[in-house]
Novice: 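Okay, here's the structure, questions in a sec.
In what follows, chains carry the letters A, B, and so on, assigned in the order in which the sequence lines appear, proteins first and then strands, with residues in each chain numbered from 1.
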Number of protein chains: 2
Amino acid sequence: MFLSTSEHTADAKNRVSVPASYREALRDDPYDAIYVLPHFDGPFLECGGEQFIQQYRMDIANLPRYDRLRKDLEVAVLGSIRRLDFDSTGRVTLPKEFIAHANIEGRCAFVGCDAHFQIWNAETQTARMQAIRSRLAERLADPAEAERMGGGTDLGALMQNSESLQALLKGEKL
Amino acid sequence: MFLSTSEHTADAKNRVSVPASYREALRDDPYDAIYVLPHFDGPFLECGGEQFIQQYRMDIANLPRYDRLRKDLEVAVLGSIRRLDFDSTGRVTLPKEFIAHANIEGRCAFVGCDAHFQIWNAETQTARMQAIRSRLAERLADPAEAERMGGGTDLGALMQNSESLQALLKGEKL
DNA sequence: TGGGATAACATGGGAATTTATGGGAAACAA
DNA sequence: TTGTTTCCCATAAATTCCCATGTTATCCCA
């Protein structure tokens, strides 16, 4: 699980340290690497580990084989994603095209989003975070939106399928 | 698994370097080679390794023996595919007909699509990628299309409660 | 609860290796 | 021969590896 936001600097060789807590989350992956997609939805990179890439592969594989959307996705997603291997100190080297796509010069922000994380130009991200947070405050003031998030699913229901949560209930330290 | 797009040059002898990461993906194949099909769907070459050719063979073999589609596919697919062996530096020599079919003169682009990859004229591919990415951004802004891809299946949620799924993913070298 | 010791982390720079690509010689076919 | 194809070697650029260093966070003990 990728959580929290942190800033790092890309050096002259376009290397950036991936936050240690993110690397920890990737510890059991088959490759010591991250998969990175210059997202077509904006100037940022969408990244993650094995789970991230498999999710995309499966979503695409589940579409009919000669479907237009599928073909587009194969090219735009799989054709754009790259696997970036960690060096011995936990850095990855960002390809020039990725740097260009996300407007990264120097500082960049890592934003955790559970199963994936994003990399943004640091200033852009700061502004964006502000905007999102206030937009959200407004939205949740609307009862309909508030119900969409919260939606009746409570912890108890989740726990039925989660061993770790059940252990928590029983008082075990995790 | 073939991922990402990269450009290479075909030299005077029609040799092109296959991206190192693709060669890595083919490492366990019985031949040090790729299978290449001048695709009937456009000016590009569809390529892959053992998995790629076997998929086509099976699709065709599964059709009724005297089926017209089957006979057509046998000719158009199996009759057109060639196996191109790597030289000692990881290049293949493209036959003239393939060069002509895909309009390759000099630069060409390799586009990874998971189990196969495509080779395009570099400029054609650049334009095409642009078009696909913006088309996709628009399409996915439509909730109905977004749902087709993603469709409610959340691998991450599944995996948290399924040891067997996790084991499956970790054991699978892709 | 300080505050020093220790470990972990982020980052810089140079060396070594890999990759992409060009060109020539040897083998082969027409 | 003449034109192709295959193999081998050379080189430049890009990438990866390795070590060094300052900084931050964590631990431990008085």
Novice: Taking the side chain from B:D11 and the backbone from B:K13, do they hold a donor-acceptor pair closer than 3.5 Å?
Specialist: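 The answer is yes, because a donor-acceptor pair under 3.5 Å joins these two groups.
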Novice: Which angle, rounded to 10°, do you find between the first-five-pair axis and the last-five-pair axis of the helix from C:dT1-D:dA30 to C:dC28-D:dG3?
Specialist: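 Overall, the helix from C:dT1-D:dA30 to C:dC28-D:dG3 bends by 30° from one end axis to the other.
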Novice: Consider the side chain of B:T9, meaning its heavy atoms from C-beta on, and name the nucleotide among C:dG22, C:dT19, C:dA10 that approaches it most closely.
Specialist: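 Between C:dG22, C:dT19, C:dA10, the one nearest the side chain of B:T9 would be C:dG22.
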Novice: Please find the pair of heavy atoms, one from B:G48 and one from B:L26, that lie closest to each other, and give the distance.
Specialist: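 Distance-wise, the nearest heavy atoms are C-CD2, 4.4 Å.
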Novice: Using whole Å, report how far OH of A:Y22 lies from C1' of C:dC9.
Specialist: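 Value for this atom pair: 15 Å.
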Novice: Quick check for you: among C:dC9, C:dG22, C:dT21, whose closest atom lies nearest to any side-chain atom of B:R107?
Specialist: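 Side chain of B:R107 sits closest to C:dT21.
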Novice: With a 4.5 Å limit on heavy-atom distance, are the side chains of B:E46 and B:C113 in contact?
Specialist: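 B:E46 does not reach B:C113 side chain to side chain.
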Novice: Please check this pair: side chain of B:R15 against backbone of B:R91, looking for a donor-acceptor N/O pair closer than 3.5 Å.
Specialist: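 Not confirmed, B:R15 side chain does not pair with B:R91 backbone.
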Novice: To the nearest Å, give me how far apart CG (A:D11) and C1' (D:dC19) are.
Specialist: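 One finds 15 Å between C1' of D:dC19 and CG of A:D11, rounded.
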Novice: How is A:V18 classified with respect to the nucleic acid when contacts are heavy atoms under 4.0 Å: base, sugar-phosphate, or nothing?
Specialist: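 Answer is sugar-phosphate: A:V18 comes under 4.0 Å of backbone atoms only.
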Novice: Please write out each protein N/O paired with an N/O of nucleotides 3-10 of chain D under 3.5 Å, distance rounded to 0.1 Å.
Specialist:
| unit_1 | atom_1 | unit_2 | atom_2 | d |
| --- | --- | --- | --- | --- |
| D:dT6 | O4 | B:K13 | NZ | 3.4 |
| D:dC7 | N4 | B:R15 | NH1 | 3.4 |

Novice: Does A:R23 have a side-chain nitrogen or oxygen under 4.0 Å from the phosphate oxygens OP1 or OP2 of C:dA10?
Specialist: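 It does, given that an N or O in the side chain of A:R23 lies less than 4.0 Å from OP1 or OP2 of C:dA10.
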Novice: Starting at NE2 of A:H39, measure out to CZ of B:R133 and round the result to the nearest 0.5 Å.
Specialist: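 Between A:H39 NE2 and B:R133 CZ, I get 8.5 Å after rounding to 0.5 Å.
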Novice: Under a 4.0 Å N-O cut-off, is there an ion pair linking A:E74 with A:K71?
Specialist: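 Judged by the 4.0 Å cut-off on N to carboxylate O distance, A:E74 and A:K71 do not form a salt bridge.
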Novice: For the pair A:E145 and A:R148, evaluate salt bridge (charged side-chain N to carboxylate O under 4.0 Å, His left out) and give the outcome as yes or no after the intermediate values.
Specialist: CA-CA 5 Å; A:E145 289 282 41; A:R148 279 190 64 212; 3.4 Å; yes
Novice: Assess the residue pair B:F98 and B:I119 against the criterion (side chain to side chain contact (heavy atoms under 4.5 Å, CB included)); give the C-alpha distance rounded to whole Å, side-chain angles, the decisive distance to 0.1 Å, and a yes or no.
Specialist: CA-CA 10 Å; B:F98 287 16; B:I119 304 179; over 6 Å; no
Novice: CZ of B:R27 versus P of C:dT18: gap in Å, rounded?
Specialist: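 Checked: the CZ to P distance equals 14 Å.
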Novice: Mind calculating the distance between CD (A:E7) and C1' (C:dA10) to the nearest angstrom?
Specialist: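 Those two atoms, CD and C1', are 14 Å apart.
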Novice: Whole angstroms only, please: what is the CG-C1' distance between A:N14 and D:dA13?
Specialist: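 That distance rounds to 15 Å.
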Novice: State which residues pass ring pair (Phe, Tyr, Trp, His ring centres under 6.0 Å) with B:Y56; sequence neighbours excluded, sorted by chain then number.
Specialist: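 By the ring pair (Phe, Tyr, Trp, His ring centres under 6.0 Å) rule, B:Y56 matches B:F52.
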